[in-house]
Protein chains: 2
Amino acid sequence: MTADRPLNATAASLLGFLHDRPMTGWDLVATAQALIGDFWSLTRSQVYRELAAMERDGLVLAGAIGVREKRPYELTDAGRAAFASWVDGEPGPESIRYPLLLTLAFGRHLSPERLATFLAHHRHTHAARLQGYEALRAGADGTLDTYALATLDFGIRYERGVLDWLDHLSPELRGGTPG
Amino acid sequence: MTADRPLNATAASLLGFLHDRPMTGWDLVATAQALIGDFWSLTRSQVYRELAAMERDGLVLAGAIGVREKRPYELTDAGRAAFASWVDGEPGPESIRYPLLLTLAFGRHLSPERLATFLAHHRHTHAARLQGYEALRAGADGTLDTYALATLDFGIRYERGVLDWLDHLSPELRGGTPG
DNA sequence: TGGTACATGTAACATGTTACATGATTAG
DNA sequence: CTAATCATGTAACATGTTACATGTACCA
């Protein structure tokens with residue numbers, strides 16, 4: 001049962017959330033999206049797959065099926081131990097995959113107007129995200145713990161950084177050919 | 001041959017680099033690492049796989065094997081067209097996977113000292129990266145085009161942002177329990 | 001002649017994405 | 001009674017990672 005291969009970060013996160021209360025796959029997706037979705041994405045498929053695998057490994061225990069086919073999972077002692085060991089390990093380097101930068105890097109193969117459109121669109125998206133984060137921080141007095149605040153702060157600084165970068169790009173890139 | 005499924009960004013990048021000159025898989029890995037590696041990672045395995053697939057699809061053409069088993073690939077007209085169409089498409093949203101933030105989000109399950117260690121280590125890594133980028137920009141007078149400069153600028157701002165964020169984290173998080 | 005850098009590739013596996021299929025419960 | 005939301009899951013595929021296997025050429 002307890003196949004002692006190291007946890008991946010996605011599975012570990014699920015275990016992390018299960019510390020608070022038993023949850024269904026559905027709940028876990030929602031929780032993860034809300035709390036770590038901005039720097040760690042996961043899909044429904046993945047969650048159900050990981051839950052099934054972790055049940056095989058004895059890290060979680062599926063409870064009785066409730067109303068609406070709800071199938072809550074709870075943490076086992078092995079699961080708690082696996083999580084504790086994961087969270088104590090050195091976190092790896094972050095990875096960023098940034099399609100806009102890729103397009104920009106190949107900018108000479110692209111019309112200036114098109115590139116400028118992409119940049120403008122991108123700016124819009126990030127401005128909206130920043131607003132969302134700031135509203136969240138302003139509105140959530142006391143509802144967020146120190147740790148959530150810290151990650152939120154990262155998000156805010158990141159988004160501000162992106163906007164700042166865009167606003168300081170050379171005008172030829174940003175503006176197409178003005179006139 | 002020309003199976004018209006849409007290019008993925010990794011494959012497209014390879015086509016992008018092949019605009020300059022025919023290159024081997026090895027060359028492409030090195031080039032990609034140098035030019036886009038900071039926001040788009042790829043491995044040797046992937047490159048060889050994509051090259052093989054793109055040859056099947058007629059987007060690249062393998063040349064004669066040269067010295068040291070060197071197998072150069074060159075762009076075909078279909079490849080050029082596929083790239084042009086890819087680069088003209090709206091770039092998708094970026095995705096960040098940030099293990100440190102994940103660990104931080106679960107900070108209450110971790111000893112303050114351990115967390116502080118992770119943060120300090122992280123700071124060190126990013127300070128080094130920033131230095132590298134700044135040296136690159138200072139040293140590369142004229143060797144980088146506008147586009148490469150723009151992506152480099154992003155990197156610099158990003159790293160500065162990370163450091164700034166770390167330096168403004170609440171002292172309990174950063175310092176462990178100061179004594 | 002022996003080590004290092006160059007060069008290609010496969011195999012096995014892990015992770016992530018998308019589309020599909022199914023059904024229960026609730027609100028209006 | 002019917003549409004929206006909740007809920008679970010599978011299948012097929014795409015992408016990314018790690019380890020292994022092989023051989024060439026250059027340099028000291």
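Owing to the predicted nature of the structure, the values given are computational and were not obtained by experimental measurement. So you know, we letter chains A, B, ... as the sequences are listed, proteins then strands, and number each from 1.
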Q: Whether D167(B) and R123(B) form a salt bridge (side-chain N of Lys/Arg under 4.0 Å from carboxylate O of Asp/Glu) is what I want to check.
A: yes
Q: Counting the atoms with a prime plus P, OP1 and OP2 as sugar-phosphate, which does R71(B) contact under 4.0 Å by heavy atoms, base, sugar-phosphate, or nothing?
A: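 Sugar-phosphate contact only - R71(B) comes under 4.0 Å of backbone atoms but never of a base.
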Q: Expressed in angstrom and rounded to an integer, what is the separation of E55(B) atom CD from dT8(C) atom P?
A: 13 Å
Q: Starting from P on dA24(C), measure out to CD1 on I65(A) and report it in whole angstrom.
A: 12 Å
Q: Relative to the 5' end of DNA chain D, which residue comes earlier, K70(A) or S45(A), by the nucleotide with the nearest heavy atom?
A: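 In this pair, the answer is K70(A).
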Q: Fit a plane to each ring of W86(A) and F106(B), take the angle between them on a 0 to 90° scale, and name the class: parallel (under 30°), tilted (30 to 60°) or perpendicular (over 60°).
A: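 Answer is perpendicular, since the angle exceeds 60°.
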Q: Quick check on contacts: within residues 16-39 of chain A, what sits under 4.0 Å from DNA chain D by heavy-atom distance?
A: T24(A), G25(A), W26(A)
Q: May I have the step-by-step check of side chain to side chain contact (heavy atoms under 4.5 Å, CB included) for L149(A) and T146(A), ending in yes or no?
A: CA-CA 5 Å; L149(A) 273 176; T146(A) 319; 5.7 Å; no
Q: Answer yes or no: is there an ion pair linking R129(B) with E94(A), defined by an N-O contact shorter than 4.0 Å?
A: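 The answer is yes: the pair qualifies as a salt bridge.
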Q: Applying the 4.5 Å side-chain criterion to the ILVMFWY set and letting contacts propagate, would I96(B) and Y98(A) be lumped into a single cluster?
A: yes
Q: dT10(C), dG9(D), dA19(C): which one has an atom nearest the side-chain heavy atoms of Y73(A)?
A: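 Out of dT10(C), dG9(D), dA19(C), the nucleotide with an atom closest to Y73(A)'s side chain is dG9(D).
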Q: Between S41(A) and V67(A), which residue's closest nucleotide on DNA chain C lies nearer the 5′ terminus?
A: S41(A)
Q: Check the distance between dG9(D)'s C1' and L51(A)'s CG and give it to me in whole angstrom.
A: 12 Å
Q: With clusters defined by side-chain heavy atoms of hydrophobic residues (ILVMFWY) lying less than 4.5 Å apart, directly or transitively, does L169(A) cluster with L110(A)?
A: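 L110(A) and L169(A): one cluster.
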Q: Would you call the rings of Y158(A) and F154(B) parallel, tilted or perpendicular if under 30° counts as parallel and over 60° as perpendicular?
A: perpendicular
Q: Please report the distance, rounded to the nearest Å, between CD in E69(B) and P in dG9(C).
A: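 Roughly 8 Å, once rounded to whole Å.
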Q: Any side-chain N or O of Y48(A) under 4.0 Å from OP1/OP2 of dG9(D)?
A: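 Checking Y48(A) against dG9(D): no side-chain N or O falls below 4.0 Å of OP1 or OP2.
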Q: Would you mind telling me which residue lines up with the more 5' stretch of DNA chain C, P72(B) or T10(A), judged by nearest nucleotide?
A: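 Its nucleotide being nearer the 5' end, the pick is P72(B).
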Q: Between dA14(C) atom P and R56(A) atom CZ, what is the distance in whole Å?
A: 11 Å
Q: For R44(A), answer base if it contacts any base atom (sugar-phosphate contacts may also be present), sugar-phosphate if it contacts only those atoms, and nothing otherwise; contact means non-hydrogen atoms under 4.0 Å.
A: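 It contacts base atoms.
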Q: Looking at dG9(C), dT17(D), dT15(C), which one has an atom nearest to any side-chain atom of Q46(B)?
A: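 Of the options given, the side chain of Q46(B) lies nearest dT17(D).
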Q: To the nearest Å, give me how far apart CG (L14(B)) and C1' (dT8(C)) are.
A: 15 Å
Q: Separation of R49(A) atom CZ from dG9(D) atom C1', in whole Å?
A: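 It works out to 12 Å between those atoms.
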